[in-house]
Engineer: 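Here it is: the structure, laid out below.
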Amino acid sequence: MPALVRRRLRQDASAAGLASGAVSGAVCGSDPVNGYQVLEQVVRLPVSTWRYHWDPPHVRHLGPMAQDWWKAFGVGENDRTICCTDANGVAIVAIQALHRELTELRGEVAALRAQSPPHATLAGPEGDEPTSGVPGRQVAGL
């Protein structure tokens, strides 16, 4: 293995595994990402369990195939590998998009609750047992 490759491998590795060297000054061409579009691609991405031909039979991995990853996101070096940095980036931006959606939905629910009159309380008709809102059915665990 050439010395430059060995040195780069050491720089991008730690006791915990591979590490991303994506720091200011080391990267170029930084572009914003639409998290909602990435989230849609994540939802459509086929994911399965599998093992490499050289793995013992008891070993299983979980994830997409590199070709599907490349088709969905077009990031990384090629359609034969999935870079851990890219997988982390896709996961983070999808989580951010889900958080934005959840925050928006919570706001909508709060606004709707503020507009509507109060509904039935958890107390039953006699004020003794909580009900599920369905006649004759009690709420479990309350």
Side-chain angles (χ1 to χ4, degrees), residues 1-116 118-125 127-142:
M1 181 181 310
L4 179 61
V5 173
R6 282 195 309 272
R7 190 171 75 236
R8 280 297 300 158
L9 286 175
R10 279 196 306 271
Q11 289 174 346
D12 293 343
S14 69
L18 293 177
S20 173
V23 295
S24 295
V27 299
C28 59
S30 178
D31 294 318
V33 176
N34 183 321
Y36 296 114
Q37 289 175 349
V38 171
L39 180 58
E40 282 299 316
Q41 292 303 107
V42 168
V43 169
R44 292 186 181 110
L45 187 66
V47 177
S48 59
T49 61
W50 43 268
R51 68 180 180 87
Y52 293 107
H53 296 289
W54 57 82
D55 282 337
H58 71 279
V59 174
R60 301 298 295 170
H61 301 282
L62 171 70
M65 295 292 109
Q67 296 89 339
D68 295 327
W69 179 269
W70 181 262
K71 183 178 176 186
F73 305 110
V75 296
E77 190 172 341
N78 56 46
D79 71 345
R80 307 297 298 163
T81 59
I82 299 173
C83 174
C84 295
T85 300
D86 297 324
N88 291 339
V90 165
I92 289 169
V93 77
I95 291 167
Q96 290 172 340
L98 284 171
H99 175 74
R100 284 192 301 272
E101 284 186 5
L102 180 61
T103 300
E104 291 169 8
L105 288 171
R106 284 179 174 166
E108 289 176 23
V109 168
L112 289 170
R113 284 183 177 158
Q115 293 173 4
S116 64
H119 295 296
T121 64
L122 287 178
D128 51 2
E129 292 291 324
T131 65
S132 66
V134 176
R137 181 181 289 172
Q138 299 297 313
V139 175
L142 292 180

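The figures here come from the full heavy-atom set of this structure, side chains too, leaving out hydrogens, waters and symmetry mates.
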Engineer: Decide, yes or no, whether a salt bridge links E104 with R100 under the criterion of side-chain N to carboxylate O below 4.0 Å.
Structural biologist: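 Salt bridge flag = no for R100 with E104.
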Engineer: Should the ring pair W54 and Y52 be called parallel, tilted or perpendicular, given that the plane angle runs from 0 to 90° and is split at 30 and 60?
Structural biologist: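 Taking Y52 first and then W54, their aromatic rings lie parallel (interplane angle under 30°).
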Engineer: Just wondering, do W69 and D86 contact through their side chains at under 4.5 Å, heavy atoms?
Structural biologist: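 D86 vs W69: side chains touch.
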Engineer: How close do A26 and G21 get, counting heavy atoms only, and between which atoms?
Structural biologist: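 Looking at all heavy atoms of both residues, the closest pair is CB-O, 3.7 Å.
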Engineer: Can you confirm whether H61 sits close enough to D55 that some side-chain heavy atom of one is under 4.5 Å from a side-chain heavy atom of the other?
Structural biologist: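 Answer yes - side chains close enough.
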Engineer: Taking the side chain as every heavy atom from C-beta outward, state whether L45 and F73 have any pair of such atoms under 4.5 Å apart.
Structural biologist: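 Yes, close enough: below the 4.5 Å cut-off.
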Engineer: Minimum heavy-atom separation for P46 to D68, with atom names?
Structural biologist: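 The pair with the smallest heavy-atom distance is CG-OD2, 3.8 Å.
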Engineer: With distance as the sole test, does N78 use its side chain to make a donor-acceptor pair with the main-chain N or O of T81 at under 3.5 Å?
Structural biologist: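 Checked: pair present.
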Engineer: Would you sort out whether R80 and Q67 count as a side-chain contact (heavy atoms from CB on, under 4.5 Å), showing the intermediate values?
Structural biologist: CA-CA 6 Å; R80 307 297 298 163; Q67 296 89 339; 2.8 Å; yes
Engineer: Got a second to check how far C83's SG is from N88's CG, nearest 0.5 Å?
Structural biologist: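 One finds 8.5 Å between SG of C83 and CG of N88.
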Engineer: So, R60 side chain and T49 main chain: donor-acceptor pair closer than 3.5 Å or not?
Structural biologist: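 It does hold such a pair.
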Engineer: Using side-chain heavy atoms (C-beta onward) and a distance below 4.5 Å, is M65 in contact with I82?
Structural biologist: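 No, too far: nothing below the 4.5 Å cut-off.
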Engineer: Between V38 and Q41, does the side-chain contact (heavy atoms from CB on, under 4.5 Å) criterion hold? Intermediate values first, please.
Structural biologist: CA-CA 5 Å; V38 171; Q41 292 303 107; 5.7 Å; no
Engineer: Nearest 0.5 Å, please: how far is NZ in K71 from CZ in R44?
Structural biologist: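 It comes to 11.0 Å.
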Engineer: Side-chain contact test, heavy atoms from C-beta onward, threshold under 4.5 Å: evaluate it for H99 versus T103 and give yes or no.
Structural biologist: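 In contact.
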